[in-house]
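Below: one structure, written as structure tokens.
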Number of protein chains: 2
Amino acid sequence: MVRICNYGFDKKVIEEHRDIYGIAYTQNIISGRYKNLIIWYLKENDRRYNQIKKFLEGVSQGSLTKQLRELEDDGIINRTIYPEVPPKVIYGLTEKGKELLPIIDMMEAFGKEHGEQPEEQEN
Amino acid sequence: MVRICNYGFDKKVIEEHRDIYGIAYTQNIISGRYKNLIIWYLKENDRRYNQIKKFLEGVSQGSLTKQLRELEDDGIINRTIYPEVPPKVIYGLTEKGKELLPIIDMMEAFGKEHGEQPEEQEN
DNA sequence: CAGGATCCCTTCCGATACTG
DNA sequence: CAGTATCGGAAGGGATCCTG
């Protein structure tokens with residue numbers, strides 16, 4: 001089911017143009033200020049909640065938790081809880097989540113090529 | 001320069017993690033409810049304002065115009081005005097914009113693979 | 001036809017306080 | 001440590017009115 005929130009697309013558009021369904025679906029998953037970066041950060045290793053939080057310095061718990069839950073609901077990451085004291089929660093990419101890496105990889109490449117010299121762009 | 005709006009990233013994050021600059025830059029460009037679809041729609045042919053509007057049925061002029069302007073400012077599309085009566089404005093992808101197509105292509109592929117059978121996902 | 005300007009609502013996100 | 005709950009600000013997007 002396609003989320004309507006996250007500035008996604010509603011059924012009408014999707015019904016009319018079946019070929020853009022995939023774009024809308026994927027956009028729904030990765031739209032969110034930190035989602036791409038979370039996925040990117042989990043690329044090499046599984047990480048704990050606070051590691052992710054530290055990596056994204058500035059993010060609030062509320063926002064981070066919400067984004068992690070949404071990614072989990074979408075099957076992009078999985079959450080493993082170790083019932084210790086203090087608690088330990090490990091986040092890692094699912095197989096589905098790993099399939100997003102090439103996309104983010106290309107985003108990084110695009111940005112590296114075009115966004116590196118900001119002041120050299122003619123305004 | 002990285003826009004702070006569009007739920008982008010501020011300088012702090014970017015300075016700290018140079019490797020995620022590209023992701024943030026690209027995300028800034030394509031974040032927006034219709035931007036990916038606009039780029040996708042311009043893939044095959046240049047289009048007029050009203051063609052795009054019709055394709056995205058439901059979008060308001062205000063939103064569409066804003067997204068088109070931002071894409072233009074980011075060098076993704078170019079706008080050609082034909083001073084006729086009634087006026088005619090053609091939008092097309094720049095070379096830089098065409099480089100985004102593989103990314104959107106992969107988004108479509110991902111969505112097609114994972115988002116097609118919504119009710120077969122275990123909840 | 002292709003917008004510009006304005007108003008308003010929704011969603012996203014940060015800040016803070018509190019908990020097992 | 002890893003959250004939950006609540007509040008409020010800011011940005012995105014829709015609706016409407018108006019224009020060259």
In whole angstroms, how far is the P atom of D:dG13 from the NZ atom of B:Lys53? 15 Å
So which one's nearest nucleotide on DNA chain C is more toward 5', B:Lys88 or A:Leu64? B:Lys88
Using a cut-off of strictly less than 4.0 Å, decide whether A:Arg69 has a side-chain nitrogen or oxygen near OP1 or OP2 of D:dG3. yes
Is it the case that A:Tyr91 and A:Thr80 place a side-chain donor and acceptor less than 3.5 Å from each other? no
Please check if the side chain of B:Glu72 supplies one atom and the backbone of B:Ile77 the other of a donor-acceptor pair under 3.5 Å. no
Would you say the side-chain atoms of A:Tyr41 pair up with the backbone N or O of A:Leu56, donor to acceptor, closer than 3.5 Å? no
Phosphate OP1/OP2 of C:dA2 contacted by B:Arg48 side-chain N/O (<4.0 Å): yes
Assuming nearest nucleotide by heavy-atom distance, tell me which of A:Pro87 and A:Val59 is located more 5' along DNA chain C. A:Val59
Expressed in angstrom and rounded to an integer, what is the separation of B:Gln61 atom CD from C:dT6 atom P? 16 Å
Whole angstroms only, please: what is the CG-C1' distance between A:Asn28 and C:dT11? 13 Å
What's B:Glu84 touching, base or sugar-phosphate or nothing? Going by heavy atoms closer than 4.0 Å. nothing
Tell me whether the OP1 or OP2 atom of C:dC13 has a side-chain N or O from A:Lys66 closer than 4.0 Å. no
Over all strands shown, is A:Tyr91 touching base, sugar-phosphate only, or nothing at heavy-atom distances under 4.0 angstrom? sugar-phosphate
Is it true that A:Lys96 and B:Glu113 have a side-chain N and a carboxylate O under 4.0 angstrom from each other? no
Between B:Gln67 and D:dG13, does any side-chain N or O lie under 4.0 Å from OP1 or OP2? yes
Separation of D:dG12 P from B:Glu70 CD (nearest whole Å): 7 Å
Using a cut-off of strictly less than 4.0 Å, decide whether B:Arg79 has a side-chain nitrogen or oxygen near OP1 or OP2 of C:dG3. yes
Classify the nucleic acid contact of B:Gln51 as base, sugar-phosphate or nothing, counting any heavy atom under 4.0 Å across all strands shown. nothing
Output yes when at least one side-chain N/O atom of B:Ser60 is less than 4.0 Å from OP1 or OP2 of D:dG14, else no. yes
Without decimals, in angstroms, what is the distance between A:Gln27 CD and D:dG12 P? 14 Å
For B:Thr65, answer base if it contacts any base atom (sugar-phosphate contacts may also be present), sugar-phosphate if it contacts only those atoms, and nothing otherwise; contact means non-hydrogen atoms under 4.0 Å. sugar-phosphate
Would you call the rings of B:Tyr25 and B:Tyr21 parallel, tilted or perpendicular, taking 30° and 60° as the class edges? parallel
Once you round it to whole Å, what is the distance between C1' of C:dG20 and CD1 of A:Ile81? 12 Å
Closest-nucleotide mapping onto DNA chain D: is B:Gly62 or A:Tyr49 further toward the 5' terminus? I mean the 5' end. A:Tyr49
Spacing between B:Asn50 atom CG and C:dC1 atom P, to the nearest angstrom: 6 Å
Interatomic distance where CG belongs to A:Asp46 and C1' belongs to D:dA2 [whole Å]: 17 Å
For the student: nearest non-hydrogen atoms of A:Lys53 and A:Val59, plus distance: NZ-O, 3.1 Å
